[in-house]
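See below for the structure under consideration.
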Protein chains: 2
Amino acid sequence: MTDQPHDRTDASLIALRRILRATELYARDLAQAAGLTPAQLRVLQIVAARGGSTTPKALATQMGVSQATVTALVDKVVARGMAVRERSDQDRRQTNVVITEAGRGALQEAPDALQQRYVRAFEKLADWEQAQILASLERIAAMLDAEGFDASPVLTTGEIKAGDRPG
Amino acid sequence: MTDQPHDRTDASLIALRRILRATELYARDLAQAAGLTPAQLRVLQIVAARGGSTTPKALATQMGVSQATVTALVDKVVARGMAVRERSDQDRRQTNVVITEAGRGALQEAPDALQQRYVRAFEKLADWEQAQILASLERIAAMLDAEGFDASPVLTTGEIKAGDRPG
DNA sequence: TATATTGCTTCGTTAGGCTAAGTATAGCTT
DNA sequence: AAGCTATACTTAGCCTAACGAAGCAATATA
């Protein structure tokens with residue numbers, strides 16, 4: 001591979017695609033292993049990350065989908081016994097989606113598509129390399145979120161807690 | 001943000017998620033602008049990148065989906081007049097999916113979800129920073145494709161040609 | 001009390017994905 | 001030449017995910 005700036009743009013795009021692709025394909029596999037589809041798994045992950053209970057509204061915001069979609073997804077995880085709906089006492093219009101023991105079990109089977117494979121590899125890297133990769137990723141994320149496009153509304157460190165990780 | 005290795009793992013995962021999310025949301029918008037869905041747009045992009053004509057088999061391999069899925073997607077881009085099917089002369093079992101002028105027009109409206117926003121920003125970066133980001137991305141891509149998971153079968157530089165890029 | 005507004009669900013539709021089964025062509029084997 | 005077997009696609013039928021519109025119930029506000 002040559003080193004002209006032009007080629008670097010192409011090469012970085014290709015690498016980005018490989019990352020996207022690997023993640024997408026792996027997500028299918030993992031979700032299948034846990035008896036859940038990727039979208040349903042995401043629901044459980046978010047509920048767990050929010051302390052085991054959250055509202056459909058919050059799920060919709062965080063996932064970037066409509067409430068109607070969340071209703072359908074919650075129906076399915078509820079049907080599989082991995083969560084239950086409970087009416088809120090504070091505001092009786094609200095429903096809390098509460099993860100069950102079965103749900104937590106499923107999450108442990110398939111903790112996270114990205115985490116499972118990425119964390120293992122990342123933590124083997126040399127210190128300087130980890131630092132460099134982190135800086136690059138943050139740069140890219142900033143480049144992509146910026147430009148007036150309102151992505152990633154609620155994605156904070158809360159979503160991925162150290163305690164969730166294996167190892 | 002502190003600098004402990006642990007935090008770096010979390011932070012890099014968060015950045016990776018932001019990238020994935022921004023890409024996914026932006027893909028919808030762009031595809032909508034071109035009058036195509038993201039998957040249909042991908043079909044056209046691959047056909048164009050392969051010189052304006054390719055087979056369903058090649059599309060399926062490159063996209064990582066079944067041939068039946070490709071048939072359905074090709075049906076849709078054909079229905080929109082953005083491609084046509086032509087029987088191959090060499091092997092009459094094969095069909096060539098050939099992009100039309102309308103298809104090329106649509107591609108120019110929405111060249112690429114990743115490209116559109118990424119290339120602009122990337123090419124503004126300092127030389128050393130481009131090099132660092134590229135190295136990091138390639139490292140991550142290698143980390144993710146590896147581990148015995150057979151992702152990204154045919155994703156080579158052929159997919160994204162310099163000529164496709166704006167600027 | 002009457003009228004929003006909010007939170008969620010239901011309904012109907014579209015898209016993308018799969019597997020299984022079918023059709024047509026190509027390539028062997030005998 | 002006849003008869004497998006493999007390849008390339010399509011068809012049919014199913015599932016999941018997503019949406020918007022419309023509905024219902026509870027809260028907030030006038």
Side-chain angles (χ1 to χ4, degrees), chain A residues 21 24-32 34-47 53-80 82-98 113, chain B residues 21 24-32 34-47 53-80 82-98 113:
Chain A
R21 180 190 181 74
E24 182 187 311
L25 292 181
Y26 195 56
R28 282 188 215 160
D29 265 31
L30 254 193
Q32 202 165 13
L36 289 164
T37 64
Q40 292 164 24
L41 184 54
R42 257 202 297 170
V43 167
L44 276 188
Q45 284 169 350
I46 293 172
V47 172
S53 163
T54 192
T55 64
K57 169 77 175 194
L59 282 167
T61 305
Q62 179 147 358
M63 294 175 70
V65 301
S66 71
Q67 281 193 352
T69 299
V70 169
T71 294
L73 291 175
V74 170
D75 282 351
K76 280 163 195 160
V77 296
V78 166
R80 279 166 177 72
M82 293 176 177
V84 292
R85 283 190 172 96
E86 286 176 4
R87 218 35 182 266
S88 166
D89 288 332
Q90 283 79 48
D91 183 336
R92 296 184 52 72
R93 292 170 301 185
Q94 288 189 336
T95 301
N96 288 313
V97 179
V98 183
Chain B
R21 181 189 181 74
E24 182 186 311
L25 292 181
Y26 194 57
R28 283 189 215 159
D29 265 30
L30 253 193
Q32 202 165 14
L36 289 163
T37 63
Q40 292 165 23
L41 184 53
R42 258 202 297 171
V43 167
L44 277 188
Q45 285 169 351
I46 293 171
V47 173
S53 163
T54 193
T55 63
K57 170 77 175 194
L59 283 167
T61 305
Q62 181 148 359
M63 294 175 69
V65 300
S66 71
Q67 277 187 228
T69 298
V70 169
T71 294
L73 290 175
V74 171
D75 282 351
K76 281 165 195 162
V77 297
V78 166
R80 280 167 178 71
M82 293 177 175
V84 292
R85 284 188 170 99
E86 285 176 5
R87 217 38 181 267
S88 166
D89 286 331
Q90 282 81 48
D91 184 336
R92 296 185 49 74
R93 292 171 302 183
Q94 287 189 337
T95 300
N96 288 313
V97 179
V98 183

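Below, read A as the first sequence line, B as the second, and so on, with proteins coming before strands; counting in each chain starts at 1. Just so you know, these numbers use all the heavy atoms, side chains as well, and skip hydrogens, waters and symmetry mates.
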TODO: Work out which heavy atom in B/Lys57 is nearest to a heavy atom in B/Gln67; give both atom names and the distance.
DONE: CD-OE1, 3.6 Å

Open item on the list: Restricting to non-hydrogen atoms, name the atom on A/Ala39 and the atom on A/Leu73 that form the minimum distance, rounded to 0.1 Å.
Closed with: CB-CD2, 3.8 Å

- [ ] Keeping the roles fixed (side chain from A/Asp91, backbone from A/Arg93), state whether a donor-acceptor pair exists under 3.5 Å.
- [x] yes

TODO: Give, ordered by number, those residues of residues 68-76 of chain A having at least one heavy-atom distance below 4.0 Å to an atom of DNA chain D; if nothing qualifies, reply none.
DONE: A/Ala68, A/Thr69, A/Leu73, A/Lys76

- [ ] Grab the two heavy atoms, one from A/Val97 and one from A/Val47, that are nearest each other, plus how far apart they are.
- [x] O-CG1, 3.6 Å

TODO: Write down the atom of B/Ala58, the atom of B/Thr54, and the distance for their closest heavy-atom approach.
DONE: CB-OG1, 3.4 Å

- [ ] For B/Arg92, look at atom CZ and say whether over 12 heavy atoms of other residues, nucleotides or ligands are found less than 6.0 Å away.
- [x] no

- [ ] Remember a base hit wins even if backbone is also touched, and classify A/Thr55 as base, sugar-phosphate or nothing at under 4.0 Å, heavy atoms.
- [x] sugar-phosphate

Open item on the list: Counting the atoms with a prime plus P, OP1 and OP2 as sugar-phosphate, which does B/Thr95 contact under 4.0 Å by heavy atoms, base, sugar-phosphate, or nothing?
Closed with: sugar-phosphate

Task: Nearest-Å distance for atom pair CG/C1', residues A/Leu59 and D/dA17 - done: 15 Å

Open item on the list: Need to verify one output field. Residue with the more 5' nearest nucleotide on DNA chain C, B/Arg80 or B/Asp89?
Closed with: B/Arg80

Task: Nearest-0.5 Å distance, CG of residue B/Asp89 to CD of residue B/Gln94 - done: 11.0 Å

Open item on the list: By the 4.0 Å heavy-atom rule, please label A/Gln94 as base, sugar-phosphate, or nothing.
Closed with: sugar-phosphate

Task: Position toward the 5' end of DNA chain D (nearest nucleotide), A/Asp91 or A/Ala39 - done: A/Ala39

Task: Euclidean distance, atom CZ of residue B/Arg87 to atom P of D/dA8 [Å, nearest integer] - done: 13 Å

Task: Short side-chain N/O contact from B/Arg85 to OP1 or OP2 of D/dT10, under 4.0 Å - done: yes

Open item on the list: Please check this pair: side chain of A/Thr69 against backbone of A/Val65, looking for a donor-acceptor N/O pair closer than 3.5 Å.
Closed with: no

Open item on the list: I'd like the 5' and 3' limits of the part of DNA chain C contacted by chain A, with heavy-atom contacts below 4.0 Å.
Closed with: C/dT5 to C/dC18

TODO: Would you name the heavy atoms of B/Arg85 and B/Thr71 that are closest together and state the gap between them?
DONE: NH2-O, 3.4 Å

Task: A/Arg93 CZ to D/dT29 C1', straight-line distance once rounded to whole Å - done: 12 Å

Open item on the list: Whether A/Gln90 contacts D/dT27 is assessed here as follows: a side-chain N or O lying under 4.0 Å from the phosphate OP1 or OP2. Is that the case?
Closed with: no

Open item on the list: What's A/Arg42 touching, base or sugar-phosphate or nothing? Going by heavy atoms closer than 4.0 Å.
Closed with: sugar-phosphate

